[in-house]
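Data first, discussion second: the structure below is written as structure tokens.
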Protein chains: 2
Amino acid sequence: MITIKDVARVAGVSPSTVSRVVRGDGKVGKKCRAEVQKILDEMGYRPNSNARALVSRKSELVGIVTPDLYRPFFGSIAHGAEKAARTYKFQVMMRNSQNDALIELDAINSFREHGCENIIVSSKFGDEETFIQLAKEIPGLIFINRYIKALANRCVWLDNIAGSRISAEYLYEQGHRDIAVVSFDTGNKDQADRIEGAKQFFKEKGVSIAPANIIFSTEKTPGKGQALFCKDAIHHLLNNGEKVTAIIAYNDEIALGLINALLDCGKRVPEDISVMGFDDLNVAENCRPQLTTIRYPIVEMAEYATKLSLQHTARNPTEIKDTHLFMPTLVKRDSVLKISR
Amino acid sequence: MITIKDVARVAGVSPSTVSRVVRGDGKVGKKCRAEVQKILDEMGYRPNSNARALVSRKSELVGIVTPDLYRPFFGSIAHGAEKAARTYKFQVMMRNSQNDALIELDAINSFREHGCENIIVSSKFGDEETFIQLAKEIPGLIFINRYIKALANRCVWLDNIAGSRISAEYLYEQGHRDIAVVSFDTGNKDQADRIEGAKQFFKEKGVSIAPANIIFSTEKTPGKGQALFCKDAIHHLLNNGEKVTAIIAYNDEIALGLINALLDCGKRVPEDISVMGFDDLNVAENCRPQLTTIRYPIVEMAEYATKLSLQHTARNPTEIKDTHLFMPTLVKRDSVLKISR
DNA sequence: CTGTTAGCGCGTTCAG
DNA sequence: CTGAACGCGCTAACAG
């Protein structure tokens, strides 16, 4: 490894001068700077981040915590965060939490051990109190996909209720009055919200969703069991005696599962039953029927969250908005049919 | 931040003793150790990774470079690497290369600046010479999804030719003799190999693939244009006058695109035309028809690559195999039809 | 078994 | 504008 000292020796200047040149610090003679820079380049000098972080007490690192990375939704968070970090020359550290609050905490602490104070967390199950405490200690801690009231200016989130309402409104416009909803009850606000908005909307229109058509499983992580879950949901919906012309799924993955289960039962989508997704993953566009869904601008949100974190830890922070709410939008494709009434 | 010195003061011992306790170094009195440990816990001491890395000249870091992260295939690499790293208490840094050799190099160098010497690279386009040179400097540099002969013991790769042969063999068994192949010609060996195996196999059986049925586009990154590419490919195949009963796609994403394009042209899959994928992404199981495909054990490979890298940099390395080849396997689902002849 | 000493590579004073 | 001196938090010799 070639150090600042080595360069100084060759250049015939002091280490501090080299340091100044490396950092682009102003107080170096023009000629001297050019000369040192030349030697720097020739010798292929690369700063030692660890030494830097140690002495300057700041590491150019962004840490991200997501439940996993193989699901495209979370991969997109990592992707967006990396993209934003790179424009600031920050490096990205990442860790999977597997939806485990303890691992999540451990991840955050590990990042801090590395001097990383820009941390983006996608957590659904972590304890609010803990996060509030943590946020005090870590100015650059940002939550994505979660809204914690006491931490409003640290949360980059999506209005799930609005999304659900958009979904409901579109179905209503397309003539649907017999709706079903398929989601999970995991104590997670997202999932409740995505049902709530639809309920609200239809209620306002004087249409009620039959309780038997609301499937709100307590299954925590569908993952592998997802196909089975969808199958059960469809069997239940087809056999409970209530009419269904359209289903609002918690997300695109569930929507796909439901569509497959419907096909397996001899139902056509959307001719017999329409299905709405949520997220607008790539797959929504690559499957047949192409999914009508609600776009979740997750890459943009991750980029935003990263920049926001950097703002929060900047030496001269510019003014920071106190709310960071993103709005979902409707993406019309082929999984919803207009029905005449 | 609470340091080893703070703890030492409170415990009434020297910093080195605390350091020994922290690191689990043997030479500390039993009682003394217990006492220091207690204070360590009480004070919530957390080691400073930067200081550690600086003095010990090793950082417990694994760096991974992939083209992107939003595609599940690469997300899976990150996922597997993180999983393996975590079991060794290593932290993961990651960087997207966007298939750009320069960014790739910069990523590797950035990792090194952080003292990270365990680096996993998924590169298709990077220059071999450069990598050979780099590998000399970085003992923990491992390539995944690529085979470089001079760096055999650093490459964790999949036998694409074998995969392609398996694909071909299965189609042959199912009675298919009129095959098409859809891939890219980007100078990338993977893509050529996945055609080569099929060609080989059919040639051995005395069946030749019509040249017009081999689509080998020079499109570099299909990405957004993928749907269009697939559409063009299908139009070409349906109109070139050669019979086609089955198509071997470069990967699952392309397979999906082809299926969609076929459906749009009024062809049924697999009743009219069968389609084989490659990779076995989650989506292969969640689409209809479910994809018959070749499983690429990418998560396992990423875990393996990470452990391999750790082996290569271990103080007391155990014996290391000099080849790390993974074999693809057939996953039978519904996109291939048995035809009678 | 424990404490003392001496850096790791760098940024940041403070003199000159 | 430049250099010398100091210390970030920690580990690794070396004494005792």
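A note on names: the letters A, B, ... follow the listed sequences, proteins ahead of strands, and every chain is numbered from 1. Side-chain atoms are counted along with the backbone in the values below, which use heavy atoms only and exclude waters and symmetry mates.
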Which residues in residues 3-16 of chain B have at least one heavy atom lying under 4.0 Å from any atom of DNA chain C?
B:V13, B:S14, B:S16

Ignoring backbone atoms, test whether B:R20 places a side-chain nitrogen or oxygen under 4.0 Å from the OP1 or OP2 oxygen of D:dA12.
no

note: A:I2, atom CD1; C:dC8, atom P; distance rounded to Å ~ 15 Å

From the list D:dT2, C:dC10, C:dG9, which nucleotide is the closest neighbour of the side chain of A:M1?
C:dG9

Rounded to whole angstrom units, what separation is found between the CD atom of A:E60 and the P atom of C:dG11?
10 Å

Under 3.5 Å: donor-acceptor pair, side chain of B:R146, backbone of B:G126
yes

Strictly below 4.0 Å, heavy-atom distances to any atom of DNA chain D: list the hits from residues 48-59 of chain A, or just say none.
A:L54, A:V55, A:R57

For B:F90, enumerate each residue passing the ring-ring contact (aromatic ring centres under 6.0 Å, His included) test, keeping only those at least two apart in sequence or located in another chain.
none

NZ/A:K124: more than 12 non-hydrogen atoms of other groups inside 6.0 Å:
yes

Throw together a table of side-chain donor-acceptor distances under 3.5 angstrom for residues 128-135 of chain A, partners on residues two or more places apart or in other chains.
{"from": "A:T130", "atom 1": "OG1", "to": "A:D127", "atom 2": "OD2", "distance (Å)": "2.8"}
{"from": "A:Q133", "atom 1": "NE2", "to": "A:E137", "atom 2": "OE2", "distance (Å)": "3.2"}

The side-chain contact (heavy atoms from CB on, under 4.5 Å) partners of B:S76 (sequence neighbours excluded) come to A:Y70, B:I298, B:V299

Please list, chain by chain and in numerical order, all residues satisfying side-chain contact (heavy atoms from CB on, under 4.5 Å) with A:T87, sequence neighbours excluded.
none

Taking only side-chain N and O atoms of B:T17, does any of them lie within less than 4.0 angstrom of OP1 or OP2 on C:dG3?
yes

What is the separation between atom NZ on A:K31 and atom P on D:dT2, rounded to the nearest whole Å?
10 Å

Using only atom types and a distance under 3.5 Å, with no angle test, would you say the side chain of B:R33 pairs donor to acceptor with the backbone of B:G29?
no

Would a line drawn from the ring center of B:F326 to the ring center of B:Y304 be shorter than 6.0 Å?
yes

Nearest-angstrom distance from the residue atom OH of B:Y45 to C1' of D:dT11:
11 Å

